[in-house]
Amino acid sequence: MKNNRIFIISLIILIAVSATAFSDDLDLPIPTSLEDLKNAASDFSSNIAQALPFNSTMGLNWSDAYIGQLFGVPPRFGVGLTVGATFIPIVDMNELLDMFNIKLPIEISLGLPLPSYTVEGRIGGIILPFDLGVKVGWIPSFDLPYVDVGLKYLLFGVDLRYSLLPKNIPIVKLSVGLGYNYLTGGLSKSIPAGGLPSFEFSDPDLGIDYSLDIADPTIYLDWNTHCFEVKAQASFSLLIITPYAGIGFSYAKSEAGYRAKTDVTVNGGAVELDDVMDLLQDTFGLENLSPNGFGAMKSAENYNLRAYGGISFNLTKVRIDLTLMYNFFSKSLGGTIGTRFQM
């Protein structure tokens with residue numbers, strides 16, 4: 001129980017680091033163009049879609065490349081908890097949030113930490129030398145105190161690993177595996193009074209300039225990904241420690257974007273929102289446009305190659321894992337710490 005409390009506190013700290021990046025220190029709103037908003041949303045969606053599959057692979061990176069047979073002596077299984085974060089570049093996120101006069105005043109060379117946690121279990125194989133792992137992490141939608149930032153998060157994953165070495169090599173273990181991860185989540189932030197932006201646009205056919213004005217908005221950043229991975233891992237059991245290293249190649253289908261829940265009005269040219277609905281949707285990519293808000297989501301398919309490795313400390317039937325991860329395509333880092341009971 002003590003270890004569980006430590007990891008939960010660590011997760012809260014990681015979330016707080018991410019959440020406090022949103023600042024209420026607002027400059028006076030400056031009108032911007034809908035074309036700029038469209039481009040900023042596209043850049044953010046592409047950026048986060050690249051980072052999501054990497055984040056989804058946290059958890060189930062157990063030090064032992066293969067844990068043994070379920071009905072062995074003793075039976076092989078384990079349960080545990082992992083918490084950590086991957087880092088995503090914040091340049092494109094800054095550009096999108098700037099459109100709504102929300103500031104990220106921090107400069108983090110590694111990027112913005114995207115926290116994650118999983119409760120996980122693994123059972124050994126039956127007859128054949130494989131093991132099967134399942135992980136889940138869930139944070140229901142809630143508002144973080146003091147920073148006025150909403151958070152939601154769900155991660156689910158499963159993997160199957162197959163041992164490539166015979167049983168008579170007890171120190172070295174080598175396995176290959178397949179995994180599937182699903183991640184969905186997001187952040188939300190209300191814009192205080194006095195920080196309301198407006199967006200300028202023109203009708204190219206009529207040559208009339210308009211502005212899209214919003215009031216009392218709440219901005220949501222939403223994302224999800226389905227990630228399929230093939231991986232290989234080696235581990236070395238050396239008394240009370242187990243060094244390990246692995247590599248994974250994944251294909252992912254992701255979706256990311258923003259939503260603005262707000263009162264929407266159009267100024268200029270004596271028109272109503274319905275009169276320019278087609279223009280806003282077709283030319284500027286606004287989706288779900290209504291007097292109550294708008295947004296834009298973008299789908300992406302990509303590939304990722306990651307390396308991971310670390311060391312576990314083996315205390316009787318308790319393991320403590322320290323893992324580092326690196327994404328070769330996005331050049332981003334990640335790290336986790338985990339504890340588990342393992343037979």
| query | Between Glu229 and Asn304, is any side-chain donor less than 3.5 angstrom from a side-chain acceptor? | reply | no

Check: According to a 4.5 Å side-chain heavy-atom criterion applied to Ile, Leu, Val, Met, Phe, Trp and Tyr, with indirect links allowed, do Tyr153 and Val119 form part of one hydrophobic cluster?
Finding: yes

Between the CZ atom in Arg306 and the CD1 atom in Ile247, the distance rounded to the nearest 0.5 Å is 10.0 Å

**Validation row, ring centre Tyr326 to ring centre Phe328 under 6.0 Å** = yes

_Can you confirm whether more than 12 heavy atoms, excluding those of Tyr303, are under 6.0 Å from its OH atom?_
no

Ile48-Phe329 co-clustered via ILVMFWY side chain contacts under 4.5 Å:
yes

Ion pair present between Asp222 and Lys152, side-chain N to carboxylate O less than 4.0 angstrom?
yes

Quick one: are Asp159 and Arg122 in side-chain contact, heavy atoms under 4.5 Å?
yes

Checklist line | Side chain Ser211, main chain Asp213, donor-acceptor under 3.5 Å | finding: no

query: Does one side chain, of Ser42 or Lys298, offer a donor that lies under 3.5 Å from an acceptor on the other?
result: yes

Practice problem: I would like to know whether Phe236 and Ile241 meet side chain to side chain contact (heavy atoms under 4.5 Å, CB included); could you show each step before the answer? | Solution: CA-CA 8 Å; Phe236 308 88; Ile241 64 171; over 6 Å; no

Could you walk me through whether Leu96 and Asp43 satisfy the side chain to side chain contact (heavy atoms under 4.5 Å, CB included) test, starting with their C-alpha distance in whole Å, then the side-chain angles of each, then the deciding distance to 0.1 Å, before giving a yes or no?
CA-CA 8 Å; Leu96 176 58; Asp43 290 343; over 6 Å; no

So CG of Leu178 and NZ of Lys231: to nearest 0.5 Å the spacing works out to 9.5 Å

Only residue of Ser254, Ser56, Ser250 satisfying side-chain hydrogen bond (donor to acceptor under 3.5 Å, both in side chains) with Thr225 is Ser254

For the side chain of Glu120 and the backbone of Leu60, is there at least one donor-acceptor N/O pair under 3.5 Å apart? yes

### Query
Can you check whether Leu70 reaches Arg76 side chain to side chain, under 4.5 Å on heavy atoms?
no

Rounded to the nearest 0.5 angstrom, the CD-OH distance for Glu287 and Tyr258 is 8.5 Å

### Cluster check Tyr308, Leu81: I/L/V/M/F/W/Y, side chain < 4.5 angstrom
no

Margin query: Are more than 12 heavy atoms, taken from residues, nucleotides or ligands other than Ile127, located less than 6.0 Å from that residue's CD1 atom?
Written below: no

How about Ser63 and Ser312: does a side-chain donor come under 3.5 Å of a side-chain acceptor?
yes

- Task: Kindly say whether Thr283 contributes a backbone atom to a donor-acceptor pair with the side chain of Lys38 at under 3.5 angstrom?
- Result: yes

In this structure, CD of Glu35 is separated from CD of Glu200 (nearest 0.5 Å) by 13.0 Å

task = Mark yes when over 12 heavy atoms from residues, nucleotides or ligands other than Asn288 sit less than 6.0 Å from its CG; otherwise mark no.
result = no

Original post:
Taking C-beta and beyond as the side chain, do Leu333 and Leu324 meet within less than 4.5 Å on heavy atoms?
Top reply: no

Paired with Leu212, the side chain to side chain contact (heavy atoms under 4.5 Å, CB included) test is passed by just one of Val276, Leu37, Val264, namely Val264

Is there a side-chain contact between Phe201 and Phe284 in this structure, where contact means two heavy atoms from C-beta onward sitting under 4.5 Å apart? yes

From the list Asp321, Thr323, Val83, side chain to side chain contact (heavy atoms under 4.5 Å, CB included) partner of Ile337 resolves to Val83

Flag if over 12 foreign heavy atoms under 6.0 Å of CG, Leu315 = yes

Minimal heavy-atom distance between Thr242 and Ser237, with the atoms involved, is OG1-CA, 4.0 Å

Subject >> Pair Phe44-Glu95, side chain to side chain contact (heavy atoms under 4.5 Å, CB included): steps then yes or no >> reply: CA-CA 8 Å; Phe44 164 76; Glu95 291 178 354; over 6 Å; no

*asked:* Main chain of Lys189, side chain of Tyr220: is a donor-acceptor contact present, judged purely on distance under 3.5 Å?
replied: no

Given side chains that start at C-beta, do those of Met58 and Thr118 come closer than 4.5 Å, heavy atoms only? no

Quick one: sort the His226 and Tyr180 rings into parallel, tilted or perpendicular, breaks at 30° and 60°. parallel

Mind checking whether Trp223 and Leu187 have side chains closer than 4.5 Å, heavy atoms only?
yes

How are the rings of Phe77 and Phe341 set to each other: parallel, tilted or perpendicular (split at 30° and 60°)?
tilted

Is there a path of hydrophobic side-chain contacts, each under 4.5 Å between heavy atoms of I, L, V, M, F, W or Y residues, that connects Ile240 with Ile67? no

OH of Tyr244 to CG of Leu322, rounded to nearest 0.5 Å, is 7.0 Å

Value for CG (Leu165) from OG (Ser175), rounded to nearest 0.5 Å, stands at 9.0 Å

Fill in: Side-chain heavy atoms of Tyr117 within contact of Ile139, under 4.5 Å
yes

| query | Between Trp62 and Arg340, is there a cation-pi geometry (under 6.0 Å to ring centre, at most 45° from the normal)? | reply | yes

Exercise. For Gln69 and Tyr66, test the side chains for any donor-to-acceptor distance below 3.5 angstrom and give the result as yes or no.
Key: yes

Taking the side chain as every heavy atom from C-beta outward, state whether Asn61 and Met325 have any pair of such atoms under 4.5 Å apart. yes

request  = State yes or no: do Leu132 and Val136 share one hydrophobic cluster built from I, L, V, M, F, W and Y residues joined by side-chain heavy-atom distances below 4.5 Å, directly or via other members?
outcome  = no

